[in-house]
Amino acid sequence: MEAQFLQVANSPNRSFSLRREAIPNINSRWHRHAEVELIHFHRGGGTQFVGDNIRRFAAGDIVLVGSDLPHYWHYDTVEEHQESGESGPYATVLHFTEHFWGDKFLLLPENACIRKVLERAKRGLSLTGHVRENVAALMVKMQETEGPFRLTTLLECLYHASLADDRSALASIGFRYDTPESENERINAIYNYALQNFGQRITLEDVAAVAGLSPNSFCRYFKSRTGKHFRQFLTEIRIGHSCKRLIDGDENVKQICYESGFNNFSCFYKKFKEITGKTPAAYQSVFVR
């Protein structure tokens, strides 16, 4: 899939970037960059796209995204956060190039685990459990340190990330990004159309018109660039939205089914279990007590 290439800004007196990002959807476009990204979401949630993986993200999540891996995070609307009583969404974002500390540093035998986690990050890693807790604390510490301690804290972050198990990987093992940088507006128009209209019926003719293609050409175009059919992509967005509603716990399952864009409860039930591994009721019971 074509991803916009971004140049990450960096301070002249810093070897890597660490900042608080408080503008929702500032980079809500399918994009990539040479820098590795470590992001900790403090407030807000929405839909996460990393490689060919689509899922919900929420406050507390930490994701490690490798160099040149296409991604973006689409926050829920500001109005939704206000309705839930939340302040504005914000995250801590860290960017660094793999070799900012020199070409030979990662080849040191002591850094074998760092080298391996950066390679694993090329599929994206979602950090959970104690790994997430440790990295979250270290990212806070990093903001309060200066000089060489910032570097050693970054190394600690990567060491703890290296302890994440294989289930942390996001993009599929076969995902590769090797297409030219073109047609960014088209693919982003498709993404935005799906995110804004998934709650209602979307025909193939509708979305093909957004892309400026015939229905048959659109099917080939989307599959060649994402590795999946548009219907699968749309279903994953709808299931992600239904997960959020189930966690909110303020609607019954059938209401959520239809509000998420499904017009058949049996189909919703089947797709939900395929994607999450749980029935809707079992999924909700994990979060709602």
Side-chain angles (χ1 to χ4, degrees), residues 3-21 27 31-41 48-53 61-73 91-179 181:
Q4 181 183 23
F5 185 82
L6 296 183
Q7 182 65 50
V8 176
N10 200 19
S11 171
N13 64 337
R14 301 285 191 194
S15 56
F16 61 90
S17 168
L18 177 67
R19 69 184 188 279
R20 169 174 164 154
E21 195 168 88
N27 278 326
H31 69 279
R32 64 186 179 91
H33 37 69
E35 293 80 5
V36 178
E37 178 171 327
L38 181 64
I39 183 166
H40 180 195
F41 298 97
Q48 168 180 295
F49 301 79
V50 177
D52 57 359
N53 178 270
D61 287 358
I62 299 180
V63 181
L64 181 64
V65 179
S67 174
D68 278 328
L69 176 62
H71 60 282
Y72 85 90
W73 288 274
T92 299
V93 187
L94 189 156
H95 287 108
F96 63 95
T97 59
E98 290 187 355
H99 299 290
F100 80 89
W101 29 41
D103 292 336
K104 296 182 179 180
F105 182 74
L106 290 179
L107 299 178
L108 296 173
E110 293 84 355
N111 287 330
C113 64
I114 307 298
R115 189 168 64 250
K116 288 178 182 177
V117 76
L118 292 177
E119 183 62 31
R120 291 175 64 205
K122 291 178 180 177
R123 289 176 59 195
L125 295 176
S126 177
L127 307 185
T128 59
H130 293 305
V131 171
R132 178 173 62 187
E133 292 170 9
N134 290 332
V135 172
L138 286 164
M139 290 182 77
V140 172
K141 176 183 174 182
M142 199 182 307
Q143 295 178 74
E144 301 168 350
T145 58
E146 293 293 340
F149 299 106
R150 285 171 64 90
L151 294 172
T152 57
T153 307
L154 172 57
L155 281 174
E156 287 185 79
C157 281
L158 295 176
Y159 166 73
H160 285 285
S162 74
L163 302 177
D165 63 32
D166 290 340
R167 292 172 297 175
S168 300
L170 294 172
S172 64
I173 196 166
F175 179 82
R176 291 291 183 271
Y177 178 77
D178 56 4
T179 52
E181 288 180 49

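Values below: every heavy atom of this structure, side chains too, minus hydrogens, waters and symmetry copies. Sequence positions, counted from 1, serve as the residue numbers for this chain.
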Yes or no on side-chain contact (heavy atoms from CB on, under 4.5 Å) for Arg150 and Phe16, after CA distance, side-chain angles and deciding distance? CA-CA 10 Å; Arg150 285 171 64 90; Phe16 61 90; 4.1 Å; yes

What's the verdict on side-chain contact (heavy atoms from CB on, under 4.5 Å) for Ser162 and Lys116, showing C-alpha distance, side-chain angles and the deciding distance? CA-CA 7 Å; Ser162 74; Lys116 288 178 182 177; over 6 Å; no

Would you please test Leu38 and Val135 for side-chain contact (heavy atoms from CB on, under 4.5 Å) and show each step? CA-CA 10 Å; Leu38 181 64; Val135 172; 4.0 Å; yes

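Looking at residues two or more places apart in sequence or on another chain, you find no salt bridge (Lys or Arg N to Asp or Glu O under 4.0 Å) involving Arg20. Residues forming a ring pair (Phe, Tyr, Trp, His ring centres under 6.0 Å) with His40 (at least two apart in sequence, or on another chain): His42. Residues that satisfy the side-chain contact (heavy atoms from CB on, under 4.5 Å) test with Asp166, not counting sequence neighbours, are Arg120. Looking at residues two or more places apart in sequence or on another chain, you find a ring pair (Phe, Tyr, Trp, His ring centres under 6.0 Å) between Phe49 and Tyr72, Tyr191. Evaluation of the side chain to side chain donor-acceptor pair (under 3.5 Å) rule for Glu98 yields no partner, not counting sequence neighbours. In this structure Ala121 satisfies the side-chain contact (heavy atoms from CB on, under 4.5 Å) test together with Leu64, sequence neighbours excluded. Under the salt bridge (Lys or Arg N to Asp or Glu O under 4.0 Å) criterion, Asp103 pairs with no residue at all, not counting sequence neighbours.
Judged as a salt bridge (charged side-chain N to carboxylate O under 4.0 Å, His left out), the pairs with a partner in residues 127-143 (not counting sequence neighbours) are, in order, Asp61-Arg132, Lys141-Glu156. Residue pairs meeting the ring-ring contact (aromatic ring centres under 6.0 Å, His included) criterion with at least one member in residues 138-159: none, sequence neighbours excluded.
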Show me, pair by pair, the donor-acceptor contacts under 3.5 angstrom made by side chains of residues 108-115, not counting sequence neighbours?
{"from": "Asn111", "atom 1": "ND2", "to": "Phe105", "atom 2": "O", "distance (Å)": "2.9"}
{"from": "Arg115", "atom 1": "NH1", "to": "Leu106", "atom 2": "O", "distance (Å)": "2.4"}

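Below 30°, between 30° and 60°, or above 60°: for His31 and His33 the angle between ring planes is between 30° and 60°, a tilted geometry.
Counting heavy atoms from C-beta on, the side chains of Met142 and Leu94 come closer than 4.5 Å.
What you find for Val117 and Leu158 is that their closest heavy atoms are CG1-O, 3.8 Å. Closest approach of Ser126 to Leu170, counting heavy atoms only: CB-CD2, 3.9 Å. Residues Val93 and Glu21 share a closest heavy-atom pair of CG2-CB, 4.0 Å.
Remark: the backbone N or O of Ala34 is paired with a side-chain donor or acceptor of Ser67 at under 3.5 angstrom.
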